[in-house]
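Within every chain, numbering begins at 1; the chains are lettered A, B, ... in the order of the sequence lines, protein sequences first and strands thereafter.
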Number of protein chains: 2
Amino acid sequence: MTTRGRPKSFCPDRALENAMQLFWQRGYEAASLQDLQAATGLSKSSLYQTYPSKQAWFVAAFSRYVAQRRALLLEQLAASTSPLAFIRERLLSVLEDDGPDGVPRGCMLVNVANEFSLSEPALVPVLQRATAGICQVFEQALERAVACGELSNAQDLAARASYLQCVMSGLRTQVKSAVPADSIRATVAVVMASLDCA
Amino acid sequence: MTTRGRPKSFCPDRALENAMQLFWQRGYEAASLQDLQAATGLSKSSLYQTYPSKQAWFVAAFSRYVAQRRALLLEQLAASTSPLAFIRERLLSVLEDDGPDGVPRGCMLVNVANEFSLSEPALVPVLQRATAGICQVFEQALERAVACGELSNAQDLAARASYLQCVMSGLRTQVKSAVPADSIRATVAVVMASLDCA
DNA sequence: TGATTTTTGGACTGATTGGTTTTGAATGGG
DNA sequence: CCCATTCAAAACCAATCAGTCCAAAAATCA
């Protein structure tokens, strides 16, 4: 059972990464097969041999994004000395999110949720788990904040985590609505002040 | 200068309302001209005689939505005895937002912002003004809350208004991510508690 | 009646969509 | 050498897209 025939001449992982970047930036509908070819560098034949459809490419790319993003957040949290600073930085990061064309890419989770609403049953559980995953990271951050004395109110951390995820999504939409950066920063300040209120 | 020839047999306002409902539910790209014909009841010829392109129909429909929504919010605020209750009700209303197909329509402002990011220059000022308009309503509500003693902290009302608009958008995205209703309600509770913290 | 205008509906364009199939060369292992 | 596999490029598919155009019917006014 060894490999026979001509070996793959491209890296499937790299191809998927590039596809992910494409779908992230353009969404599903707006990204055509031509775009997908250009992004991955693969021919149409190779595309359809790797995944059987555009949809399959998309769900693979989206899953990749979800895993990557959660991992990145956890990494940033671990690297941060102050949990609250971590949260503030994450919220403020929506301001530096421009894609190569100067248009904010946003968070692919938010993008996908808004493009499909709940009309694609296959995506619903993925979306649900992904959102919950992000909330978990925020909850972990809040727990640490309590542990290190940055946060006095230790109740309902899960609710506050979901609240933070909600605010994050809202900020992303505001950025895409051309809300001025000062306003975004002011909102972040309100949110940070709200975290420690009785 | 009297009217000559066959009179219009349809109501342009009704047609635009129906077009608005369509674009609200489906977005711009996903709504085809056939859908637009079906929704408005107009023939293709009449469609293109009323507005010169699909884009023109869309911006007209979107402008209509923006005006209508702001008016509705102001009306609800005026009808409400408690400004804070008004805010809570608006936030919770994201839970009752299903379209005819059981899929949440969301807020057309949020939908448009996420579909186009900032890639359509013609939409940017419309989006910006519309978002600011919603914020104004929330700011008015906060002012009233201060006036009637429901809110003790009277500082930075504009920032808190933008914050509420942000939360609203975030909640809409969470609904489209299949976040459970209980979690939504918990988040709303956190937000309401945050409004009055020092 | 005649002039004018809007109606509908269908034919038609040219481009693009996602997807299939074919072809023939490249590249390996057995 | 032979077989298996993969490659890229192109042809091809039916469907759909937004948009244009035309013709004939219908409805009003002068």
Side-chain angles (χ1 to χ4, degrees), chain A residues 1-62 112 115-116 119-123, chain B residues 1-62 112 115-116 119-123:
Chain A
M1 173 55 74
T2 57
T3 52
R4 313 250 307 200
R6 179 177 176 174
K8 272 187 172 30
S9 66
F10 65 92
C11 170
D13 203 59
R14 262 186 98 76
L16 185 55
E17 168 71 23
N18 292 333
M20 185 259 267
Q21 296 285 344
L22 173 69
F23 283 128
W24 182 2
Q25 191 177 338
R26 293 256 237 280
Y28 176 74
E29 281 293 340
S32 72
L33 274 191
Q34 287 197 39
D35 297 330
L36 198 53
Q37 287 184 62
T40 59
L42 299 190
S43 68
K44 213 181 244 194
S45 335
S46 301
L47 274 184
Y48 276 91
Q49 193 173 357
T50 307
Y51 292 100
S53 66
K54 186 189 170 188
Q55 289 194 30
W57 271 96
F58 181 76
V59 310
F62 183 46
V112 171
E115 177 167 3
F116 292 97
S119 65
E120 210 64 45
L123 287 179
Chain B
M1 172 55 78
T2 58
T3 51
R4 309 255 305 200
R6 180 175 175 173
K8 271 187 174 29
S9 67
F10 64 93
C11 170
D13 202 60
R14 263 187 100 74
L16 185 55
E17 168 71 23
N18 292 334
M20 185 259 267
Q21 296 284 345
L22 173 70
F23 283 128
W24 183 2
Q25 191 177 337
R26 294 257 236 281
Y28 177 73
E29 281 293 341
S32 72
L33 274 191
Q34 287 196 38
D35 297 329
L36 198 53
Q37 287 184 61
T40 59
L42 299 190
S43 67
K44 207 180 252 193
S45 331
S46 300
L47 275 184
Y48 276 92
Q49 193 173 356
T50 308
Y51 291 101
S53 67
K54 185 189 171 188
Q55 289 194 30
W57 271 96
F58 181 76
V59 311
F62 183 44
V112 171
E115 177 167 2
F116 292 96
S119 65
E120 210 63 46
L123 286 180

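Using a distance-only test at 3.5 Å, with no hydrogens or angles considered, a donor-acceptor pair links the side chain of Trp57(A) to the main chain of Leu47(A). Counting only distance, with no hydrogens or angles, the side chain of Ser46(A) and the backbone of Leu42(A) share no donor-acceptor pair below 3.5 Å. Lys54(B) contributes a side-chain N or O that, together with a main-chain N or O of Ala31(B), makes up a donor-acceptor pair within less than 3.5 Å.
Checked against the 6.0 Å centroid criterion, the rings of Phe62(A) and Phe116(A) do not qualify as a close aromatic pair.
Under 4.0 angstrom from either OP1 or OP2 of dA8(D) there lies at least one side-chain N or O belonging to Ser46(A). For the OP1/OP2 pair of dT8(C) and a distance below 4.0 Å, the side-chain nitrogens and oxygens of Gln49(B) include no atom meeting the criterion.
For the helix from dT1(C)-dA30(D) to dG30(C)-dC1(D), the terminal axes (five pairs an end, C1' atoms, rotation from four pairs onto the next four) enclose an angle of 10°, given to 10 degrees.
The two residues Asn18(A) and Ala39(A) make their nearest non-hydrogen contact at CB-O, 3.3 Å. A pairwise comparison of heavy atoms in Pro52(B) and Ala56(B) identifies CD-CB, 3.8 Å as the closest pair.
Taking atom CG of residue Leu47(B) and atom P of nucleotide dG10(C), one finds them 15 Å apart after rounding to whole Å. Rounded to whole Å, atom C1' of dA8(D) lies 10 Å from atom CD of Gln37(A). In this structure, Arg26(A) places its CZ atom 12 Å from P of dG18(C), rounding to the nearest Å.
Side-chain N/O atoms of Glu17(B) and Gln21(B) include a donor and acceptor closer than 3.5 Å.
Two residues are said to be in side-chain contact when any heavy atoms from C-beta on lie closer than 4.5 Å; Tyr28(A) and Val112(A) fail this criterion. Side chains of Leu16(B) and Tyr51(B) form a contact here, defined as non-hydrogen atoms less than 4.5 Å apart.
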Give me, pair by pair, the N or O atoms of the protein and of nucleotides 11-18 of chain D that are less than 3.5 Å apart, along with how far apart they are.
unit_1  : atom_1 : unit_2   : atom_2 : d
dA18(D) : OP1    : Lys54(B) : NZ     : 2.8
dA18(D) : OP2    : Leu33(B) : N      : 2.8

Heteroatom pairs (N/O) under 3.5 angstrom, protein to nucleotides 13-15 of chain C:
none

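For the atom pair CD of Glu115(B) and CZ of Phe58(B), the computed distance is 6.0 Å after rounding to the nearest 0.5 Å.
With a 6.0 Å radius and a threshold of 12 heavy atoms from other residues, nucleotides or ligands, Gln34(B) has its CD atom at or below the threshold.
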